[in-house]
Amino acid sequence: MRLYEYEAKRVFARYGLPVLPGVVIDSQGYQQLDKVTYPVVIKGQAFVGGRGKSGLVQFANSRDEAQEKIASVLGKCHGGHAIERVLVEPRVNIERELYLSVIVDRLQHRFLLMTSRRGGVDIEEVASSEPEELLKYHLNIGADMHAFMARKTASGLGLSGPLLNAGTAVILGLYRLFVGYDCKVAEINPLAVTDDGRLLVLDAKVDLDEDAMFRHPVLKDMGITARHEVGELTDREKVAKKAGIPYVDLDGDIGVFPGGAGFGIAAIDLIQHYGGKPANFMDSGGAPTQEKLRAMLGLLLDNPRVKAIFGARFGGISRCDDWAKAVVQYVVENKPLKPMVMRMAGNMEEQGRKIIEQAKNEHPELFRKIKVYAYDMPIEEVIKETIRAAKAEK
Amino acid sequence: MRLYEYEAKRVFARYGLPVLPGVVIDSQGYQQLDKVTYPVVIKGQAFVGGRGKSGLVQFANSRDEAQEKIASVLGKCHGGHAIERVLVEPRVNIERELYLSVIVDRLQHRFLLMTSRRGGVDIEEVASSEPEELLKYHLNIGADMHAFMARKTASGLGLSGPLLNAGTAVILGLYRLFVGYDCKVAEINPLAVTDDGRLLVLDAKVDLDEDAMFRHPVLKDMGITARHEVGELTDREKVAKKAGIPYVDLDGDIGVFPGGAGFGIAAIDLIQHYGGKPANFMDSGGAPTQEKLRAMLGLLLDNPRVKAIFGARFGGISRCDDWAKAVVQYVVENKPLKPMVMRMAGNMEEQGRKIIEQAKNEHPELFRKIKVYAYDMPIEEVIKETIRAAKAEK
Amino acid sequence: MAIIVDKNTATIVQGVTGTNAALHTKFMLKYGTKIVGGVTPGKGGQHVEDVPVYDTVRDCIDENPEATVTSIWVPPRFAKDAILEAIDTGMKSIVVITERIPIHDMLYARQAAKERGVMIIGGNTPGVISPGKALIGMLPKIAFQSGRIGTVARSGAVTYYIANSLNLAGLGESTSVGLGGDPILGTNFEDVLRLFEKDSETDAVVMAGEIGGVYEELAAPYIGEMSKPVVAYITGKAAPQGKRLGHAGAIVEGNMGTAASKIKALKDNGALIAETLSEIPVLLKEALGSVIG
Amino acid sequence: MAIIVDKNTATIVQGVTGTNAALHTKFMLKYGTKIVGGVTPGKGGQHVEDVPVYDTVRDCIDENPEATVTSIWVPPRFAKDAILEAIDTGMKSIVVITERIPIHDMLYARQAAKERGVMIIGGNTPGVISPGKALIGMLPKIAFQSGRIGTVARSGAVTYYIANSLNLAGLGESTSVGLGGDPILGTNFEDVLRLFEKDSETDAVVMAGEIGGVYEELAAPYIGEMSKPVVAYITGKAAPQGKRLGHAGAIVEGNMGTAASKIKALKDNGALIAETLSEIPVLLKEALGSVIG
């Protein structure tokens with residue numbers, strides 16, 4: 001879960017890291033501009049990089065100029081997102097730019113501190129073009145970072161004199177923040193050395209572990225709560241997000257109702273493999289309520305592009321009878337006429353089958369294009385039949 | 001540095017440990033008695049144990065009774081201290097009393113968690129008479145105490161059901177407090193199980209490391225600052241304490257001005273060994289200012305019991321010339337006529353000797369009974385001469 | 001000998017009094033798994049399906065010293081402590097059903113386990129089954145038949161469909177292991193492949209990976225060393241690409257994580273690549289030739 | 001070979017730019033101690049008495065890899081870090097002059113040193129001197145003459161007076177070690193006795209303890225094993241007894257800590273007990289007989 005720059009800097013300030021005194025301005029008004037010293041930098045708040053090239057970073061020498069430039073940034077679209085806020089900070093004169101980050105190294109299963117004298121640029125490029133300029137220090141989980149370790153690192157960045165101790169404090173603070181708030185990534189790029197001998201965090205990135213938010217009520221107090229990841233959402237994706245359903249629109253004609261995310265990914269592969277085109281990715285696994293199951297079916301069947309539905313349920317933690325009930329209720333209430341080819345196996349399979357059979361008897365017309373296979377039907381045959389059904393609908 | 005019970009409980013509350021909602025009352029008035037629920041326990045606040053036997057713990061069923069009993073406790077003298085405050089807490093019905101502490105084990109150089117089902121009594125007695133009832137768990141320095149360890153310990157105390165989890169939380173909290181505030185001792189005795197199934201900290205002891213107070217500003221905010229240890233002070237000890245001079249009155253007639261504490265202890269032994277009687281213990285080591293050195297001499301020479309002064313300076317970190325200057329200035333200004341037998345050696349010895357010689361020439365009368373020996377005079381000869389001088393003064 | 005759990009493996013259930021854990025304790029017992037005790041702090045003395053509940057793992061082990069495998073069903077915030085407790089009491093394998101364990105917690109527990117030579121499966125694993133012998137977790141028994149193929153997968157449902165596909169082709173499993181869906185896992189493909197390589201009841205292995213993460217690539221070199229055939233099934237070839245977000249983690253993980261990079265690494269090391277579920281038994285039969293009756 | 005420091009020992013000074021450290025760096029150099037560098041973070045590039053100052057111990061060691069002993073003069077709040085830095089860079093002995101180091105900090109540093117087999121002397125030690133060879137710390141050189149008696153004491157001034165007493169009797173020291181006055185010490189009597197026992201330039205040892213703590217009692221059994229005579233001088237026999245405060249620490253330390261308990265333990269293990277400073281050389285001469293010229 002990524003934070004906006006202004007949020008990350010508020011978190012940084014709590015750990016004593018040297019951020020500039022900035023103000024955040026949104027469409028509500030410009031009063032806050034009275035609080036800053038000019039000249040200023042205006043930075044549109046977005047998750048996606050390349051803000052400079054997109055004109056999201058502007059400079060202003062006066063309040064009037066700032067107001068004008070902010071107006072031009074607010075409402076711009078960047079990486080599929082409208083810019084809703086800008087961060088306004090005093091402009092500083094930069095002498096050198098450094099790079100600092102702490103991340104979870106998923107290869108070594110340890111924490112990793114990375115530093116570079118080449119700050120202010122894309123660090124992945126530095127890593128590939130000048131790997132010797134990117135220094136890496138691994139830390140065991142739970143290990144203390146002592147000041148001397150941070151100092152050695154700061155010294156390696158070419159900091160000396162008073163800047164050595166300032167740099168040591170920044171590295172210690174960044175690591176403590178990383179550990180203290182369960183971060184996946186805590187990054188400063190650039191950490192600037194100014195011409196008046198200060199060390200300043202100019203840009204800050206924080207990626208939090210959503211699954212650890214419960215133990216950081218202070219973040220909630222700061223208005224930082226779980227949120228959807230980056231990317232422009234389609235209308236259907238927005239509906240799905242509101243309902244708490246992991247869902248991504250694709251451009252095919254087969255609605256996919258696959259159970260868990262793992263088989264959802266496999267199902268998309270298999271549909272393509274056999275010449276079909278999936279209309280979506282979805283995670284309908286775990287043990288969703290019947291209401292949620294029906295909302296999932298609705299997402300698929302209300303999509304005009306969808307010609308047929310592929311459905312699968314392998315009852316492990318979830319129950320087939322619950323799933324069958326939800327399908328039946330949705331069909332009876334919404335009377336969809338699109339073909340649905342499905343397979344149901346596992347926990348409470350027998351009970352589920354009875355529910356389907358009974359519904360078929362009661363509503364033969366509604367269930368004419370609906371088939372629910374059992375354990376003995378290979379899932380790929382179900383997929384192939386769905387593809388045939390979709391083609392027949394054209 | 002020991003805390004009063006009411007201070008320790010405020011610290012405990014910060015770590016979520018279950019203390020009772022009490023009020024602290026001193027001679028300023030009884031208004032706070034409106035805030036408590038009766039019946040109550042009234043506990044005179046003192047460092048020295050045995051409060052019950054001395055009548056410092058009283059019970060009251062009403063506000064009037066409480067006021068009367070508090071008046072009787074305030075101003076009592078216990079272990080050489082006037083009782084200045086009482087802690088008033090609701091009275092609870094106790095079913096069982098347990099013991100819990102975390103201490104620095106100076107033998108193993110590790111932290112030590114001790115628990116016992118025999119709470120509410122002198123734990124040293126339990127340790128010697130029923131050692132199997134005192135359980136000990138060592139922890140490496142810097143090691144985390146995990147909940148499961150605390151739970152195992154709580155289970156070992158016979159706690160089960162909801163009390164198991166409450167006990168686990170108390171043990172974890174006590175350990176975190178111990179580590180978090182640099183404690184030498186953090187103790188709960190008793191930890192009470194009440195008849196309504198609660199776990200409560202009835203008495204709390206905390207002994208802090210004075211040398212770590214600098215990193216606990218929150219304690220200062222709570223009014224907890226470095227303080228003199230327990231014991232009744234004589235008037236001279238109070239003067240010394242104010243001046244920051246480690247000083248203890250003894251009942252002899254030789255003033256001891258020994259340099260550091262280590263040799264101060266040795267000097268007392270040697271004076272006794274050779275038949276003299278020291279009038280004091282003092283630490284005049286390190287590198288005290290001249291002002292402080294003169295204050296030290298004043299403490300000794302103003303004492304009517306003192307017949308002669310034994311002085312020694314071995315200049316290591318400190319300088320003999322500074323010491324000599326202070327002695328000379330004190331003598332010139334205060335004109336003491338008591339004999340002073342001293343020895344000066346080490347750092348800047350030559351310069352110091354010149355200062356003494358010059359003063360002797362300028363004020364022969366004032367320095368008639370003052371001798372300052374050098375490196376080649378064994379210190380024990382100096383002591384013997386002081387003892388003879390003291391006897392001659394009688 | 002199957003791997004991890006066998007007919008005689010004595011196991012315990014941590015968090016046994018939770019709704020889900022209690023339900024699956026019933027299923028596990030029905031399947032024949034030997035569950036000697038359960039643990040829920042503060043509920044010691046109760047019973048779940050005749051299984052005695054203890055306050056601590058220590059209490060449980062004191063009365064049932066034969067237990068060597070535990071499964072963890074506690075809420076995510078207690079998972080780290082439950083795993084550490086299991087390690088402390090000498091458990092050899094810890095099957096972590098709990099999902100969405102904080103990443104730093106799992107890293108901590110994983111490190112502690114490695115230091116003590118303890119195996120953690122999961123978090124967020126559907127479990128481990130040695131068909132016809134024992135089941136730990138919540139895998140649906142209907143999917144699995146006893147046989148001589150070892151399977152290991154990241155996704156629970158993919159595990160079921162693979163088993164289904166094998167069974168429909170007349171094959172069965174020695175043991176089937178779910179690695180788990182959490183971002184940090186205690187055990188990766190290579191760890192399980194090493195166990196299958198040594199297992200006398202396993203003739204060949206199916207590993208099912210998916211887009212994201214690096215565990216498939218990391219396992220590839222070991223496949224080159226194995227004597228037994230490995231069929232790999234990697235999903236996510238057609239998955240929508242998320243927008244590329246420059247992030248520091250990519251520096252470490254480089255170009256790993258796509259279906260293509262995984263398939264290439266596995267193929268280069270001699271794994272047989274199955275494009276579909278139904279290809280899996282075909283490739284296995286080819287590789288094993290006449291070994292299979 | 002003296003113990004801990006010798007003529008050729010290369011040493012560094014951590015916190016070298018402090019007033020006190022700079023002064024004693026001058027004295028140490030004058031005495032002949034080989035100081036190859038000093039460390040003060042943020043003051044790298046400066047010089048103290050021609051000794052180059054570095055930002056980190058690592059920088060200093062990179063240029064002076066022969067250094068094996070360091071002394072620590074930093075303010076107490078930085079002492080733990082300075083010690084850990086010295087350990088990390090491979091120092092063999094760390095002489096901690098800093099006093100009043102927080103107890104938990106010193107325990108942490110001590111544990112780290114023990115794990116790495118590093119010797120910490122102090123905190124709050126006046127230092128170590130091998131007379132005529134090298135001095136680390138702030139012991140006054142006038143007190144010490146070269147000879148074949150090893151001395152070890154808790155109090156700095158007592159160390160000086162013992163040396164004084166030996167010298168006036170015509171004896172001198174191989175090495176004199178101040179254990180330090182802080183409540184937690186890196187090195188105790190036994191550690192130093194073991195070094196003296198092995199030291200070919202030491203014929204006998206004087207240990208000076210005092211009331212409080214347990215290090216004297218803990219050393220007693222080893223004295224029984226030593227081949228060299230040990231004269232013990234324990235002060236505090238006449239010290240005023242503090243009021244007895246019931247405290248949990250007493251459970252661990254039991255009845256140790258009085259002058260009487262220390263003297264008894266030492267005497268029972270064969271140490272010769274000196275009642276006064278002037279008795280020390282007398283006992284030494286008796287014990288060594290004709291060995292001393």
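Letters A, B, ... are given to chains in the order of the sequence lines, protein chains preceding strands, and every chain is numbered from 1.
Between A:Phe148 and A:His146, the two ring planes are parallel [angle under 30°; tilted spans 30° to 60°].
A donor-acceptor pair under 3.5 Å is absent between the side-chain atoms of D:Gln14 and the main chain of D:Val74, judged by distance alone. No donor-acceptor pair closer than 3.5 Å links the side chain of A:Glu5 to the backbone N or O of A:Leu87. Not one N or O on the side chain of D:Asp182 forms a donor-acceptor pair closer than 3.5 Å with the backbone of D:Leu185. At distances below 3.5 Å, at least one donor-acceptor pair connects side-chain atoms of A:Arg51 with backbone N or O atoms of A:Gly44.
Among residues 75-100 of chain D, the residues having any heavy atom closer than 4.5 Å to a heavy atom of chain A are, in sequence order, D:Lys80, D:Asp81, D:Leu84, D:Glu85, D:Asp88. Contacts between residues 41-58 of chain D and chain A, counted as heavy-atom pairs separated by less than 4.5 Å, involve D:Pro41, D:Gly42, D:Asp55, D:Thr56, D:Arg58.
Shown are D:Ile3, D:Val152, D:Val177, D:Val69; of these, the side-chain contact (heavy atoms from CB on, under 4.5 Å) with D:Val128 is made only by D:Val177. Checked against A:Ile188 for a side-chain contact (heavy atoms from CB on, under 4.5 Å), the options A:Val201, A:Ile171, A:Leu199, A:Val19 give a single hit: A:Val201.
In summary, the side chains of D:Arg154 and D:Tyr215 do not present any donor paired with an acceptor at a separation below 3.5 Å, with no hydrogens or angles considered. No side-chain donor-acceptor contact under 3.5 Å links A:Arg85 and A:Tyr4.
Remark: A:Arg91 qualifies as a cation-pi partner of A:Phe59 under the 6.0 Å distance and 45° angle criteria applied to the six-membered ring.
Proximity to chain D (any heavy atom under 4.5 Å) is shown, for A:Ser160, by both the backbone and the side chain.
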